[in-house]
Amino acid sequence: MSRILQKLMAMYEAMRKHFGHRAWWPSQDGADTPEGKLEICLGAILTQNTSWRNVEAALDNLRAAGRLSLTDIDAMPPEQLAELIRPAGYFNVKARRLKDFAAAVRAAAGDDVAGFLDRPAETLREELLAIRGVGLETADSMILYAAGKPSFVVDAYTFRILVRHGLIGFDDDYASVKALFESSLPDDVALWNDFHAQLVETGKRFCKKRRPQCDGCPLEPFEHDPEAGMEYL
DNA sequence: ATCCTGAGCG
DNA sequence: CGCTCGGGAT
């Protein structure tokens, strides 16, 4: 139990030493403003199975068109919204998901995104998961990065890195991996924020799907097997 | 050709 | 469980 904590923190320190502080959406970027919170939520949906670079292009299109608001997204025809978010891929599906999200938030809190997010993490999580298009990872991303509340985000990189380092089995589900982090790590939003960002950076750069590049990886000194669960990850 | 900070449907 | 959605970067 405490051995897991030691190992996780050692891995975190190694990643952070290599990449520097990677915490996404610092307050300088306006993450604490209502507009910033909305943008993070929309981005969380747009980035599903999609690189962030392409999400930025979609958000830029929405901003340039002056439609980066809950009311506009709620009112816009799905075809028109799809055209604006085209660079993010899956644009027909995601247009519907953005509209479902906007409608759900408006129904629950009017146009007050911050108000919608301002409730206990557990309650907010249930509320988010009830929205079609918001799954486990997307909900946790919104809670951690937009609401600024503790909810550890587990993604494909997290699975891959932990499996290859023997900390979980490839058959472990989302909830158990999430619980591993949340029960081991100190309850610290800033830490969970940066930890997830470090895992993503490590996964993108080194712990790749097909051809893991262990050379130079900050986690290379830790016991690992780059072939572990290859056919499932 | 492969992958990207997935999720819903049949 | 397997399939689908998709443009953009490498």
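Quick note on labels: first sequence line is chain A, next is B, and so on, each numbered from 1.
For the salt bridge (charged side-chain N to carboxylate O under 4.0 Å, His left out) condition, the pairs that include at least one residue of residues 13-27 of chain A, sequence neighbours left out, are Arg16(A)-Asp194(A), Arg22(A)-Glu201(A). The ring-ring contact (aromatic ring centres under 6.0 Å, His included) contacts involving residues 64-84 of chain A comprise nothing, where partners must be two or more places apart or lie in separate chains.
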Which atoms of nucleotides 7-10 of chain B (N or O only) lie under 3.5 Å from a protein N or O atom, and what are those distances?
{"unit_1": "dA7(B)", "atom_1": "OP1", "unit_2": "Gly135(A)", "atom_2": "N", "d": "3.3"}
{"unit_1": "dA7(B)", "atom_1": "OP1", "unit_2": "Gly135(A)", "atom_2": "O", "d": "3.4"}
{"unit_1": "dA7(B)", "atom_1": "OP1", "unit_2": "Glu137(A)", "atom_2": "N", "d": "3.3"}
{"unit_1": "dA7(B)", "atom_1": "OP1", "unit_2": "Thr138(A)", "atom_2": "N", "d": "2.7"}
{"unit_1": "dA7(B)", "atom_1": "OP1", "unit_2": "Thr138(A)", "atom_2": "OG1", "d": "2.6"}
{"unit_1": "dG8(B)", "atom_1": "OP1", "unit_2": "Gly133(A)", "atom_2": "N", "d": "2.7"}

Produce the list of close N/O pairs, under 3.5 Å, pairing protein atoms with atoms of nucleotides 8-10 of chain C; give distances to one decimal.
{"unit_1": "dG8(C)", "atom_1": "O4'", "unit_2": "Asn54(A)", "atom_2": "OD1", "d": "3.4"}
{"unit_1": "dG8(C)", "atom_1": "O4'", "unit_2": "Asn54(A)", "atom_2": "ND2", "d": "3.1"}

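Contact check for Leu84(A) versus Met76(A): side-chain heavy atoms found under the 4.5 Å cut-off.
When the C1' atom of dT5(B) is taken as reference, atom CE of Met142(A) falls 13 Å away, rounded to whole Å. dT4(C) atom P lies 17 Å from atom CZ of Phe91(A), rounded to whole Å. Rounded to an integer number of Å, the gap from NZ of Lys209(A) to P of dC3(B) is 6 Å. Asp60(A) places its CG atom 19 Å from the P atom of dG7(C), with the value rounded to the nearest Å. Atom C1' of nucleotide dT5(B) and atom NZ of Lys94(A) are separated by 11 Å, given to the nearest angstrom. Between Arg160(A) atom CZ and dC4(B) atom P the separation is 5 Å, expressed in whole Å. Distance Asn49(A) CG to dT2(B) P: 15 Å, rounded to the nearest Å. Straight-line distance from the CZ atom of Arg96(A) to the C1' atom of dC5(C): 15 Å, rounded to whole Å.
Phe181(A) pairs with exactly one of Phe159(A), Tyr174(A), Phe152(A) by the ring pair (Phe, Tyr, Trp, His ring centres under 6.0 Å) rule, that one being Phe152(A).
Relative to the side chain of Ala156(A), the nucleotides dC4(B), dG7(C), dG6(B) differ in distance, and dG6(B) lies closest.
A gap of 23 Å separates the P atoms of dG8(C) and dA7(B), to the nearest Å. With C1' as the reference atom, dC5(C) and dC3(B) are 15 Å apart, rounded to whole Å.
The pair Arg97(A)-Asp100(A) does not meet the salt-bridge criterion, since no charged nitrogen lies less than 4.0 angstrom from a carboxylate oxygen.
Residues satisfying the side-chain hydrogen bond (donor to acceptor under 3.5 Å, both in side chains) criterion with Asn49(A), sequence neighbours excluded, are Tyr90(A). Residues meeting the salt bridge (charged side-chain N to carboxylate O under 4.0 Å, His left out) test with Glu122(A), sequence neighbours left out: none.
Val200(A) comes within 4.0 angstrom of a nucleotide base, judged by non-hydrogen atoms across all strands.
Aromatic ring pairs are classed by plane angle as parallel below 30°, tilted from 30° to 60° and perpendicular above 60°; the pair Tyr12(A) and Phe195(A) is parallel.
Residue Tyr157(A) places at least one side-chain N or O closer than 4.0 Å to OP1 or OP2 of dC4(B).
Taking the centre of each ring, Trp24(A) and Tyr145(A) come in below the 6.0 Å mark.
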